[in-house]
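This structure is a prediction, so every number in the text was calculated from the model and none was measured. Numbers restart at 1 for each chain; the letters A, B, ... are given by sequence-line order, proteins then strands. FYI, side chains are in, hydrogens and waters are out, and symmetry mates aren't considered; it's all heavy atoms of this structure.
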Number of protein chains: 2
Amino acid sequence: MTSFMHVLNANRLLTELPAVERDSFMAVCETVELSFGEVLLQPAETITHVYFPIDSFISLIVVLDSDNRLEVAMAGREGMLGSSLVLGIEETPMLALVQGAGSALRITAENFQQLLLSSPVLHQRLKRYIYVVMKQLATSAACNHFHQIEARLARWLLMTQDRAGSDQLNLTHEFLAMMLGVRRAGITLAAIALQARGLIRYQRGTITVLDRPGLIEASCECYSKDCALYAKILPI
Amino acid sequence: MTSFMHVLNANRLLTELPAVERDSFMAVCETVELSFGEVLLQPAETITHVYFPIDSFISLIVVLDSDNRLEVAMAGREGMLGSSLVLGIEETPMLALVQGAGSALRITAENFQQLLLSSPVLHQRLKRYIYVVMKQLATSAACNHFHQIEARLARWLLMTQDRAGSDQLNLTHEFLAMMLGVRRAGITLAAIALQARGLIRYQRGTITVLDRPGLIEASCECYSKDCALYAKILPI
DNA sequence: AGCGTTATGTACGCTACCGTGCCGACGCTT
DNA sequence: AAGCGTCGGCACGGTAGCGTACATAACGCT
(Lines give C-alpha, C1' and ligand atoms only; values in the text may rest on other atoms or scores of the structure.)
Protein backbone atom coordinates (compact mmCIF):
# COMPACT_ATOMS: atom_id res chain seq x y z
CA MET A 1 0.00 0.00 0.00
CA THR A 2 2.77 2.41 0.87
CA SER A 3 4.54 1.53 -2.33
CA PHE A 4 1.33 2.05 -4.24
CA MET A 5 1.00 5.49 -2.72
CA HIS A 6 4.50 6.12 -3.80
CA VAL A 7 3.50 5.19 -7.32
CA LEU A 8 0.52 7.49 -7.16
CA ASN A 9 2.67 10.35 -6.03
CA ALA A 10 4.99 9.73 -8.92
CA ASN A 11 2.56 11.35 -11.31
CA ARG A 12 2.32 15.02 -10.58
CA LEU A 13 -1.35 15.28 -11.46
CA LEU A 14 -2.16 12.78 -8.75
CA THR A 15 -0.19 14.21 -5.87
CA GLU A 16 -2.01 16.03 -3.12
CA LEU A 17 -5.30 14.27 -3.67
CA PRO A 18 -7.49 13.98 -0.58
CA ALA A 19 -7.56 10.46 0.91
CA VAL A 20 -11.07 9.68 -0.36
CA GLU A 21 -10.17 10.52 -3.91
CA ARG A 22 -6.90 8.66 -3.72
CA ASP A 23 -8.67 5.53 -2.53
CA SER A 24 -11.21 5.70 -5.34
CA PHE A 25 -8.40 6.12 -7.79
CA MET A 26 -6.41 3.23 -6.43
CA ALA A 27 -9.48 1.01 -6.57
CA VAL A 28 -9.76 1.26 -10.34
CA CYS A 29 -6.26 1.81 -11.64
CA GLU A 30 -3.63 -0.68 -12.68
CA THR A 31 0.08 -0.37 -13.42
CA VAL A 32 1.19 -1.16 -16.95
CA GLU A 33 4.53 -1.22 -18.70
CA LEU A 34 4.84 0.82 -21.87
CA SER A 35 7.50 -0.08 -24.38
CA PHE A 36 9.30 2.23 -26.77
CA GLY A 37 7.52 2.79 -30.06
CA GLU A 38 4.19 1.46 -28.87
CA VAL A 39 1.23 3.30 -30.38
CA LEU A 40 -1.33 3.88 -27.67
CA LEU A 41 -3.84 5.76 -29.79
CA GLN A 42 -4.33 6.46 -33.46
CA PRO A 43 -5.76 9.87 -34.37
CA ALA A 44 -9.57 10.06 -34.12
CA GLU A 45 -9.66 6.66 -32.40
CA THR A 46 -11.98 6.06 -29.47
CA ILE A 47 -10.24 6.32 -26.13
CA THR A 48 -10.48 3.09 -24.20
CA HIS A 49 -7.91 3.83 -21.49
CA VAL A 50 -6.45 6.86 -19.81
CA TYR A 51 -2.75 6.82 -18.90
CA PHE A 52 -0.83 8.60 -16.17
CA PRO A 53 2.88 8.04 -16.88
CA ILE A 54 5.18 7.38 -13.97
CA ASP A 55 8.59 7.02 -15.53
CA SER A 56 7.47 6.57 -19.12
CA PHE A 57 6.53 9.36 -21.48
CA ILE A 58 4.40 9.77 -24.53
CA SER A 59 4.60 11.96 -27.63
CA LEU A 60 1.49 13.48 -29.10
CA ILE A 61 1.85 13.82 -32.83
CA VAL A 62 -0.25 15.55 -35.45
CA VAL A 63 -0.43 13.52 -38.65
CA LEU A 64 -1.26 15.75 -41.60
CA ASP A 65 -0.52 13.08 -44.17
CA SER A 66 1.94 10.27 -44.69
CA ASP A 67 4.86 12.66 -45.22
CA ASN A 68 4.07 15.40 -42.77
CA ARG A 69 3.90 14.74 -39.07
CA LEU A 70 4.89 16.88 -36.15
CA GLU A 71 5.11 16.36 -32.44
CA VAL A 72 3.07 19.05 -30.70
CA ALA A 73 3.01 17.89 -27.11
CA MET A 74 4.56 15.47 -24.63
CA ALA A 75 3.06 13.74 -21.65
CA GLY A 76 5.29 12.36 -18.93
CA ARG A 77 5.13 12.23 -15.19
CA GLU A 78 3.71 15.76 -15.24
CA GLY A 79 0.81 14.93 -17.55
CA MET A 80 -1.59 12.37 -18.88
CA LEU A 81 -2.95 10.81 -22.03
CA GLY A 82 -6.65 10.92 -22.74
CA SER A 83 -7.45 14.32 -21.31
CA SER A 84 -10.21 14.87 -23.85
CA LEU A 85 -12.34 12.55 -21.72
CA VAL A 86 -12.30 15.30 -19.13
CA LEU A 87 -14.12 17.39 -21.72
CA GLY A 88 -16.58 14.60 -22.32
CA ILE A 89 -15.12 13.64 -25.69
CA GLU A 90 -14.26 10.03 -26.33
CA GLU A 91 -12.07 10.52 -29.36
CA THR A 92 -8.42 11.42 -29.31
CA PRO A 93 -7.12 14.32 -31.39
CA MET A 94 -3.64 12.93 -32.11
CA LEU A 95 -1.33 9.99 -32.50
CA ALA A 96 0.06 8.88 -29.15
CA LEU A 97 3.45 7.20 -29.34
CA VAL A 98 5.44 5.87 -26.41
CA GLN A 99 8.70 7.70 -26.59
CA GLY A 100 10.22 6.65 -23.29
CA ALA A 101 9.64 3.11 -22.03
CA GLY A 102 8.52 2.67 -18.44
CA SER A 103 5.47 2.28 -16.30
CA ALA A 104 2.20 4.17 -16.17
CA LEU A 105 -1.06 4.02 -14.29
CA ARG A 106 -3.99 3.06 -16.45
CA ILE A 107 -7.76 3.36 -16.02
CA THR A 108 -10.51 2.39 -18.38
CA ALA A 109 -12.38 5.26 -19.97
CA GLU A 110 -15.57 4.21 -18.24
CA ASN A 111 -14.02 4.05 -14.78
CA PHE A 112 -12.25 7.31 -15.38
CA GLN A 113 -15.44 9.15 -16.21
CA GLN A 114 -17.11 7.71 -13.11
CA LEU A 115 -14.14 8.73 -11.05
CA LEU A 116 -14.30 12.32 -12.19
CA LEU A 117 -17.85 12.65 -10.93
CA SER A 118 -16.83 11.74 -7.39
CA SER A 119 -13.40 13.39 -7.35
CA PRO A 120 -13.73 17.17 -7.52
CA VAL A 121 -10.10 17.87 -6.65
CA LEU A 122 -8.79 15.55 -9.35
CA HIS A 123 -11.33 16.89 -11.81
CA GLN A 124 -10.30 20.47 -11.15
CA ARG A 125 -6.62 19.60 -11.43
CA LEU A 126 -7.14 17.89 -14.77
CA LYS A 127 -9.04 20.87 -16.13
CA ARG A 128 -6.11 23.04 -15.18
CA TYR A 129 -3.84 20.58 -16.97
CA ILE A 130 -5.91 20.96 -20.12
CA TYR A 131 -5.42 24.69 -19.95
CA VAL A 132 -1.66 24.17 -19.75
CA VAL A 133 -1.74 21.89 -22.78
CA MET A 134 -3.82 24.38 -24.74
CA LYS A 135 -1.43 27.19 -24.05
CA GLN A 136 1.53 24.99 -24.91
CA LEU A 137 -0.07 23.96 -28.17
CA ALA A 138 -0.56 27.58 -29.08
CA THR A 139 3.00 28.51 -28.18
CA SER A 140 4.35 25.48 -30.01
CA ALA A 141 2.60 26.59 -33.17
CA ALA A 142 4.46 29.88 -33.04
CA CYS A 143 7.72 28.27 -31.92
CA ASN A 144 7.78 25.75 -34.75
CA HIS A 145 7.07 28.57 -37.17
CA PHE A 146 9.64 31.11 -36.07
CA HIS A 147 12.48 29.36 -34.33
CA GLN A 148 15.34 27.56 -35.95
CA ILE A 149 16.12 23.90 -35.83
CA GLU A 150 19.06 24.23 -33.46
CA ALA A 151 17.06 26.10 -30.82
CA ARG A 152 14.08 23.80 -31.23
CA LEU A 153 16.31 20.76 -30.91
CA ALA A 154 17.79 22.12 -27.70
CA ARG A 155 14.31 22.74 -26.35
CA TRP A 156 13.18 19.29 -27.30
CA LEU A 157 16.15 17.63 -25.64
CA LEU A 158 15.50 19.54 -22.43
CA MET A 159 11.85 18.56 -22.39
CA THR A 160 12.78 14.95 -23.00
CA GLN A 161 15.44 14.96 -20.34
CA ASP A 162 12.94 16.29 -17.80
CA ARG A 163 10.59 13.44 -18.54
CA ALA A 164 13.18 10.71 -18.93
CA GLY A 165 14.84 11.72 -15.68
CA SER A 166 18.24 10.85 -17.09
CA ASP A 167 20.89 12.69 -19.04
CA GLN A 168 21.30 9.74 -21.37
CA LEU A 169 18.66 9.67 -24.08
CA ASN A 170 18.19 6.94 -26.64
CA LEU A 171 17.41 8.83 -29.79
CA THR A 172 18.49 8.70 -33.39
CA HIS A 173 18.70 11.71 -35.66
CA GLU A 174 16.08 10.03 -37.78
CA PHE A 175 13.65 9.97 -34.88
CA LEU A 176 14.37 13.55 -33.91
CA ALA A 177 13.77 14.63 -37.50
CA MET A 178 10.31 13.10 -37.37
CA MET A 179 9.52 14.82 -34.09
CA LEU A 180 10.57 18.26 -35.26
CA GLY A 181 9.16 17.83 -38.74
CA VAL A 182 12.48 18.41 -40.51
CA ARG A 183 15.10 16.49 -42.54
CA ARG A 184 17.37 14.00 -40.88
CA ALA A 185 20.33 15.91 -42.29
CA GLY A 186 18.97 19.05 -40.68
CA ILE A 187 19.12 17.39 -37.28
CA THR A 188 22.66 16.17 -37.92
CA LEU A 189 23.84 19.72 -38.57
CA ALA A 190 22.09 21.10 -35.50
CA ALA A 191 23.43 18.25 -33.35
CA ILE A 192 26.96 18.87 -34.61
CA ALA A 193 26.62 22.51 -33.65
CA LEU A 194 25.37 21.68 -30.14
CA GLN A 195 28.12 19.12 -29.68
CA ALA A 196 30.77 21.58 -30.86
CA ARG A 197 29.57 23.97 -28.15
CA GLY A 198 30.06 21.21 -25.61
CA LEU A 199 26.38 21.04 -24.69
CA ILE A 200 25.71 17.47 -25.74
CA ARG A 201 27.61 14.37 -26.80
CA TYR A 202 26.20 11.62 -28.95
CA GLN A 203 27.01 8.45 -30.78
CA ARG A 204 24.86 5.93 -32.57
CA GLY A 205 21.47 6.45 -31.06
CA THR A 206 22.48 7.87 -27.70
CA ILE A 207 22.54 11.53 -26.81
CA THR A 208 24.03 12.68 -23.53
CA VAL A 209 23.24 16.08 -22.10
CA LEU A 210 26.53 17.51 -20.83
CA ASP A 211 25.66 21.09 -20.01
CA ARG A 212 22.05 21.66 -19.10
CA PRO A 213 22.29 25.39 -18.38
CA GLY A 214 24.13 25.83 -21.65
CA LEU A 215 21.43 23.91 -23.45
CA ILE A 216 18.78 26.16 -21.93
CA GLU A 217 20.80 29.09 -23.20
CA ALA A 218 20.86 27.54 -26.67
CA SER A 219 17.14 26.80 -26.71
CA CYS A 220 14.42 29.29 -27.46
CA GLU A 221 12.60 30.86 -24.56
CA CYS A 222 9.69 28.56 -25.18
CA TYR A 223 11.25 25.97 -22.92
CA SER A 224 11.45 28.23 -19.90
CA LYS A 225 8.02 29.63 -20.62
CA ASP A 226 6.53 26.15 -20.69
CA CYS A 227 8.11 25.31 -17.34
CA ALA A 228 6.95 28.56 -15.82
CA LEU A 229 3.42 28.03 -17.05
CA TYR A 230 3.17 24.56 -15.59
CA ALA A 231 4.57 25.74 -12.27
CA LYS A 232 2.08 28.57 -12.15
CA ILE A 233 -1.05 26.65 -13.09
CA LEU A 234 -0.22 23.32 -11.45
CA PRO A 235 1.98 24.07 -8.45
CA ILE A 236 3.75 21.23 -6.54
CA MET B 1 -38.00 38.91 -26.49
CA THR B 2 -38.32 37.21 -29.83
CA SER B 3 -35.58 39.40 -31.20
CA PHE B 4 -33.46 38.58 -28.21
CA MET B 5 -33.95 34.91 -28.84
CA HIS B 6 -32.93 35.57 -32.37
CA VAL B 7 -29.74 37.11 -31.07
CA LEU B 8 -29.11 34.15 -28.82
CA ASN B 9 -29.56 31.78 -31.68
CA ALA B 10 -27.10 33.76 -33.70
CA ASN B 11 -24.23 32.26 -31.75
CA ARG B 12 -23.94 28.60 -32.53
CA LEU B 13 -22.80 27.63 -29.05
CA LEU B 14 -26.04 29.01 -27.64
CA THR B 15 -28.52 27.45 -29.98
CA GLU B 16 -30.59 24.53 -28.79
CA LEU B 17 -30.35 25.42 -25.13
CA PRO B 18 -33.28 24.30 -23.00
CA ALA B 19 -35.65 27.12 -22.00
CA VAL B 20 -34.43 27.27 -18.39
CA GLU B 21 -30.84 27.69 -19.41
CA ARG B 22 -31.70 30.22 -22.07
CA ASP B 23 -33.58 32.32 -19.54
CA SER B 24 -30.67 32.24 -17.09
CA PHE B 25 -28.36 33.25 -19.87
CA MET B 26 -30.56 36.09 -21.02
CA ALA B 27 -30.85 37.39 -17.48
CA VAL B 28 -27.13 38.09 -17.18
CA CYS B 29 -25.93 38.85 -20.68
CA GLU B 30 -25.75 42.13 -22.53
CA THR B 31 -25.17 43.01 -26.17
CA VAL B 32 -22.05 45.00 -26.96
CA GLU B 33 -20.57 46.43 -30.13
CA LEU B 34 -17.00 45.47 -30.92
CA SER B 35 -14.97 47.69 -33.20
CA PHE B 36 -12.16 46.67 -35.50
CA GLY B 37 -8.74 46.58 -33.90
CA GLU B 38 -10.06 46.61 -30.35
CA VAL B 39 -7.94 44.53 -27.98
CA LEU B 40 -10.26 42.57 -25.72
CA LEU B 41 -7.57 40.74 -23.78
CA GLN B 42 -3.82 40.97 -23.42
CA PRO B 43 -1.95 37.67 -22.96
CA ALA B 44 -1.92 36.43 -19.34
CA GLU B 45 -4.47 39.07 -18.37
CA THR B 46 -7.31 38.23 -16.02
CA ILE B 47 -10.54 37.55 -17.83
CA THR B 48 -13.28 39.96 -16.76
CA HIS B 49 -15.82 39.21 -19.49
CA VAL B 50 -16.71 36.34 -21.74
CA TYR B 51 -17.81 37.11 -25.30
CA PHE B 52 -20.09 35.24 -27.66
CA PRO B 53 -19.76 36.91 -31.08
CA ILE B 54 -22.89 37.34 -33.15
CA ASP B 55 -21.68 39.01 -36.30
CA SER B 56 -18.28 40.09 -35.04
CA PHE B 57 -15.20 37.91 -34.88
CA ILE B 58 -12.03 37.79 -32.89
CA SER B 59 -8.48 36.67 -33.63
CA LEU B 60 -6.48 34.83 -31.01
CA ILE B 61 -2.83 35.62 -31.39
CA VAL B 62 0.29 34.19 -29.79
CA VAL B 63 2.82 36.88 -29.01
CA LEU B 64 6.31 35.39 -28.77
CA ASP B 65 8.03 38.75 -28.70
CA SER B 66 7.64 42.14 -30.30
CA ASP B 67 8.62 40.84 -33.75
CA ASN B 68 7.03 37.45 -33.78
CA ARG B 69 3.31 37.00 -33.51
CA LEU B 70 1.01 34.50 -35.09
CA GLU B 71 -2.71 34.03 -35.22
CA VAL B 72 -3.54 30.53 -34.03
CA ALA B 73 -7.32 30.61 -33.70
CA MET B 74 -10.42 32.59 -34.59
CA ALA B 75 -13.68 32.99 -32.72
CA GLY B 76 -16.79 34.11 -34.55
CA ARG B 77 -20.43 33.17 -34.41
CA GLU B 78 -19.34 29.55 -33.99
CA GLY B 79 -17.16 30.18 -30.94
CA MET B 80 -16.44 32.27 -27.91
CA LEU B 81 -13.74 34.22 -26.14
CA GLY B 82 -12.81 33.33 -22.59
CA SER B 83 -13.23 29.59 -22.77
CA SER B 84 -10.49 29.03 -20.21
CA LEU B 85 -13.04 30.04 -17.58
CA VAL B 86 -14.81 26.80 -18.41
CA LEU B 87 -11.65 25.09 -17.17
CA GLY B 88 -11.68 27.19 -14.04
CA ILE B 89 -8.77 29.36 -15.12
CA GLU B 90 -9.15 33.11 -14.97
CA GLU B 91 -6.23 34.04 -17.15
CA THR B 92 -6.25 34.17 -20.91
CA PRO B 93 -3.55 32.41 -22.92
CA MET B 94 -3.43 34.78 -25.88
CA LEU B 95 -3.99 38.22 -27.29
CA ALA B 96 -7.59 38.71 -28.39
CA LEU B 97 -8.05 41.22 -31.19
CA VAL B 98 -11.33 42.19 -32.80
CA GLN B 99 -10.85 41.39 -36.42
CA GLY B 100 -14.40 41.87 -37.65
CA ALA B 101 -16.52 44.66 -36.17
CA GLY B 102 -20.01 43.81 -35.04
CA SER B 103 -22.02 42.78 -32.03
CA ALA B 104 -21.45 40.13 -29.39
CA LEU B 105 -23.11 38.91 -26.24
CA ARG B 106 -21.11 39.59 -23.14
CA ILE B 107 -21.21 38.22 -19.61
CA THR B 108 -19.04 39.03 -16.65
CA ALA B 109 -16.64 36.30 -15.60
CA GLU B 110 -18.41 35.95 -12.27
CA ASN B 111 -21.87 35.57 -13.78
CA PHE B 112 -20.52 33.19 -16.35
CA GLN B 113 -19.06 30.87 -13.77
CA GLN B 114 -22.32 30.92 -11.84
CA LEU B 115 -24.22 30.21 -15.00
CA LEU B 116 -22.13 27.15 -15.80
CA LEU B 117 -23.08 25.57 -12.49
CA SER B 118 -26.78 25.72 -13.28
CA SER B 119 -26.58 25.10 -17.03
CA PRO B 120 -25.39 21.57 -17.73
CA VAL B 121 -26.25 21.64 -21.41
CA LEU B 122 -24.36 24.86 -22.01
CA HIS B 123 -21.49 23.60 -19.88
CA GLN B 124 -21.21 20.39 -21.86
CA ARG B 125 -21.38 22.23 -25.17
CA LEU B 126 -18.60 24.60 -24.14
CA LYS B 127 -16.40 21.70 -23.10
CA ARG B 128 -16.90 20.21 -26.52
CA TYR B 129 -15.96 23.57 -28.01
CA ILE B 130 -12.71 23.52 -26.06
CA TYR B 131 -11.91 20.16 -27.55
CA VAL B 132 -12.46 21.58 -31.03
CA VAL B 133 -10.14 24.48 -30.29
CA MET B 134 -7.46 22.15 -28.94
CA LYS B 135 -7.51 20.00 -32.00
CA GLN B 136 -7.46 23.05 -34.24
CA LEU B 137 -4.50 24.47 -32.36
CA ALA B 138 -2.61 21.23 -32.88
CA THR B 139 -3.46 21.08 -36.55
CA SER B 140 -2.57 24.74 -37.01
CA ALA B 141 0.86 24.10 -35.58
CA ALA B 142 1.51 21.51 -38.27
CA CYS B 143 -0.19 23.56 -40.98
CA ASN B 144 1.87 26.67 -40.30
CA HIS B 145 4.97 24.54 -40.34
CA PHE B 146 4.46 22.56 -43.53
CA HIS B 147 2.14 24.47 -45.82
CA GLN B 148 3.06 27.33 -48.07
CA ILE B 149 1.91 30.89 -47.82
CA GLU B 150 -0.44 30.71 -50.77
CA ALA B 151 -2.37 27.73 -49.39
CA ARG B 152 -2.42 29.18 -45.90
CA LEU B 153 -3.67 32.50 -47.22
CA ALA B 154 -6.47 30.75 -49.08
CA ARG B 155 -7.42 28.90 -45.92
CA TRP B 156 -7.34 32.05 -43.87
CA LEU B 157 -9.56 33.92 -46.31
CA LEU B 158 -12.10 31.10 -46.25
CA MET B 159 -12.18 31.03 -42.47
CA THR B 160 -12.60 34.78 -42.38
CA GLN B 161 -15.32 34.75 -44.98
CA ASP B 162 -17.26 32.18 -42.98
CA ARG B 163 -17.18 34.39 -39.93
CA ALA B 164 -17.68 37.72 -41.67
CA GLY B 165 -20.63 36.31 -43.58
CA SER B 166 -19.72 38.41 -46.60
CA ASP B 167 -17.52 37.91 -49.62
CA GLN B 168 -16.11 41.40 -49.17
CA LEU B 169 -13.35 41.50 -46.57
CA ASN B 170 -11.60 44.59 -45.33
CA LEU B 171 -8.00 43.51 -45.05
CA THR B 172 -4.65 44.89 -46.01
CA HIS B 173 -1.67 42.79 -47.01
CA GLU B 174 0.08 44.22 -43.99
CA PHE B 175 -2.56 42.85 -41.66
CA LEU B 176 -2.59 39.47 -43.34
CA ALA B 177 1.18 39.30 -43.01
CA MET B 178 0.86 39.76 -39.27
CA MET B 179 -1.81 37.06 -39.00
CA LEU B 180 0.17 34.48 -40.95
CA GLY B 181 3.49 35.46 -39.44
CA VAL B 182 5.14 36.26 -42.76
CA ARG B 183 6.44 39.28 -44.70
CA ARG B 184 4.05 41.74 -46.24
CA ALA B 185 5.74 41.15 -49.59
CA GLY B 186 5.10 37.45 -49.17
CA ILE B 187 1.37 38.10 -48.92
CA THR B 188 1.44 40.35 -51.97
CA LEU B 189 2.94 37.55 -54.06
CA ALA B 190 0.47 34.98 -52.81
CA ALA B 191 -2.43 37.37 -53.35
CA ILE B 192 -1.27 38.08 -56.89
CA ALA B 193 -1.20 34.36 -57.57
CA LEU B 194 -4.70 33.82 -56.19
CA GLN B 195 -6.00 36.79 -58.16
CA ALA B 196 -4.37 35.53 -61.36
CA ARG B 197 -6.25 32.27 -60.89
CA GLY B 198 -9.47 34.27 -60.65
CA LEU B 199 -10.19 33.20 -57.09
CA ILE B 200 -10.10 36.61 -55.45
CA ARG B 201 -10.03 40.26 -56.42
CA TYR B 202 -8.62 43.00 -54.29
CA GLN B 203 -7.76 46.66 -54.17
CA ARG B 204 -6.59 48.90 -51.38
CA GLY B 205 -7.68 47.09 -48.33
CA THR B 206 -10.61 45.15 -49.72
CA ILE B 207 -10.46 41.54 -50.78
CA THR B 208 -13.41 39.98 -52.59
CA VAL B 209 -13.82 36.23 -52.77
CA LEU B 210 -14.86 35.44 -56.34
CA ASP B 211 -14.62 31.68 -56.48
CA ARG B 212 -15.13 29.96 -53.18
CA PRO B 213 -14.84 26.38 -54.45
CA GLY B 214 -11.68 27.34 -56.27
CA LEU B 215 -10.31 28.89 -53.12
CA ILE B 216 -11.01 25.71 -51.21
CA GLU B 217 -9.13 23.89 -53.92
CA ALA B 218 -6.20 26.28 -53.51
CA SER B 219 -6.16 25.99 -49.72
CA CYS B 220 -4.59 23.19 -47.78
CA GLU B 221 -6.88 20.46 -46.51
CA CYS B 222 -6.72 21.97 -43.07
CA TYR B 223 -9.69 24.17 -43.91
CA SER B 224 -12.01 21.31 -44.75
CA LYS B 225 -10.72 19.30 -41.82
CA ASP B 226 -11.49 22.16 -39.44
CA CYS B 227 -15.03 22.45 -40.78
CA ALA B 228 -15.58 18.71 -40.57
CA LEU B 229 -14.31 18.61 -37.01
CA TYR B 230 -16.63 21.36 -35.86
CA ALA B 231 -19.59 19.74 -37.59
CA LYS B 232 -18.81 16.42 -35.95
CA ILE B 233 -18.24 17.64 -32.42
CA LEU B 234 -20.73 20.50 -32.35
CA PRO B 235 -23.55 19.54 -34.71
CA ILE B 236 -26.36 21.96 -35.72
C1' DA C 1 -6.13 70.62 -57.59
C1' DG C 2 -2.61 69.54 -54.59
C1' DC C 3 -0.72 67.05 -50.72
C1' DG C 4 0.25 63.75 -47.44
C1' DT C 5 -0.84 59.12 -46.14
C1' DT C 6 -1.46 54.52 -46.85
C1' DA C 7 -1.57 50.36 -49.83
C1' DT C 8 0.57 47.67 -53.11
C1' DG C 9 4.26 46.17 -56.63
C1' DT C 10 8.84 44.86 -57.24
C1' DA C 11 13.71 44.01 -56.82
C1' DC C 12 18.04 42.78 -54.38
C1' DG C 13 21.00 39.55 -52.16
C1' DC C 14 20.68 36.30 -48.44
C1' DT C 15 19.58 32.35 -45.32
C1' DA C 16 17.49 28.29 -43.69
C1' DC C 17 16.04 24.49 -45.08
C1' DC C 18 14.61 21.07 -48.61
C1' DG C 19 15.10 16.36 -51.36
C1' DT C 20 18.24 13.28 -52.53
C1' DG C 21 21.86 10.38 -52.65
C1' DC C 22 26.24 8.43 -51.29
C1' DC C 23 29.77 6.92 -48.25
C1' DG C 24 31.92 5.43 -44.18
C1' DA C 25 31.63 3.82 -39.50
C1' DC C 26 29.79 1.29 -35.97
C1' DG C 27 27.85 -2.71 -33.78
C1' DC C 28 25.17 -6.70 -33.75
C1' DT C 29 24.56 -11.37 -35.55
C1' DT C 30 26.22 -15.79 -37.11
C1' DA D 1 36.14 -12.87 -38.70
C1' DA D 2 32.99 -11.69 -41.89
C1' DG D 3 28.65 -9.74 -43.16
C1' DC D 4 24.85 -6.76 -42.85
C1' DG D 5 21.81 -3.38 -41.25
C1' DT D 6 21.62 0.92 -39.05
C1' DC D 7 23.38 5.38 -38.03
C1' DG D 8 25.61 9.56 -38.97
C1' DG D 9 28.49 12.90 -42.03
C1' DC D 10 28.43 15.25 -46.06
C1' DA D 11 27.57 17.26 -50.53
C1' DC D 12 24.66 18.78 -54.48
C1' DG D 13 21.52 21.89 -56.54
C1' DG D 14 17.10 23.83 -55.59
C1' DT D 15 13.48 26.80 -53.35
C1' DA D 16 10.55 29.29 -50.11
C1' DG D 17 10.72 32.89 -47.67
C1' DC D 18 13.57 36.60 -45.33
C1' DG D 19 15.03 41.78 -44.59
C1' DT D 20 15.27 45.72 -46.81
C1' DA D 21 14.39 49.23 -49.75
C1' DC D 22 12.29 51.96 -53.11
C1' DA D 23 8.79 53.09 -56.52
C1' DT D 24 4.12 53.57 -57.87
C1' DA D 25 -0.71 54.08 -57.17
C1' DA D 26 -4.99 54.97 -54.87
C1' DC D 27 -7.49 57.44 -51.52
C1' DG D 28 -8.77 61.15 -48.30
C1' DC D 29 -8.32 65.77 -46.81
C1' DT D 30 -8.05 70.69 -47.32
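Residues A/E45 and A/L40 approach most closely at OE1-O, 4.1 Å, considering heavy atoms. The heavy-atom pair separating B/I58 from B/A96 by the smallest distance is CG2-CB, 4.0 Å.
For the pair B/L194 CG and C/dT8 P, the interatomic distance rounds to 14 Å; values are reported in whole Å. Remark: C1' of C/dT15 and CZ of A/F146 are 16 Å apart, rounded to the nearest angstrom.
A/I187 CD1 to A/L194 CG: the interatomic distance, rounded to the nearest 0.5 Å, is 9.5 Å. Here the CG-CD distance, from A/L169 to A/Q161, works out to 6.5 Å after rounding to the nearest 0.5 Å. For the atom pair CZ (A/F57) and CE (A/M159), the distance works out to 10.0 Å, reported to the nearest 0.5 Å. For the atom pair CG of B/L64 and CZ of B/R69, the computed distance is 10.0 Å after rounding to the nearest 0.5 Å. Atom CG of B/L153 and atom CG of B/L158 lie 9.5 Å apart (nearest 0.5 Å).
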| message | side chain to side chain donor-acceptor pair (under 3.5 Å), that's the test. Do A/Q136 and A/Y230 meet it? Break it down for me. | response | CA-CA 9 Å; A/Q136 285 178 353; A/Y230 191 93; over 6 Å; no
| message | Go through it in stages, so that I can follow the logic: the residues are B/E217 and B/R197, the test is salt bridge (Lys or Arg N to Asp or Glu O under 4.0 Å), and I'd like the CA-CA distance, side-chain angles, deciding distance and then a yes or no. | response | CA-CA 11 Å; B/E217 190 66 27; B/R197 291 163 68 178; over 6 Å; no
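Five base pairs at each end of the helix from C/dA1-D/dT30 to C/dT30-D/dA1 define two local axes, and these are offset by 30° (rounded to 10°).
Judged as a side-chain contact (heavy atoms from CB on, under 4.5 Å), and not counting sequence neighbours, the contacts of B/R184 are B/H173, B/E174, B/A177, B/T188. Under the side-chain contact (heavy atoms from CB on, under 4.5 Å) criterion, A/A185 pairs with A/R183, sequence neighbours left out.
Nucleotides of DNA chain D with any atom under 4.0 Å from a heavy atom of chain B span, from 5' to 3', D/dA16 to D/dC27.
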Find every protein N or O atom lying less than 3.5 Å from an N or O atom of nucleotides 26-30 of chain C, and list the pairs.
residue	atom	partner	partner atom	Å
C/dC26	O2	A/R204	NH1	3.4
C/dC26	O2	A/R204	NH2	3.3

Can you check nucleotides 18-22 of chain C for protein contacts, nitrogen or oxygen pairs under 3.5 Å, and list what you find?
residue	atom	partner	partner atom	Å
C/dC18	OP2	A/R183	N	3.4
C/dG19	N7	A/R183	NH1	3.0
C/dG19	O6	A/R183	NH1	2.9

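Heavy-atom neighbours of B/E221 CD from other residues, nucleotides or ligands within 6.0 Å: at or below the threshold of 12. Around the CZ atom of A/R212, the shell of radius 6.0 Å holds more than 12 heavy atoms that belong to other residues, nucleotides or ligands.
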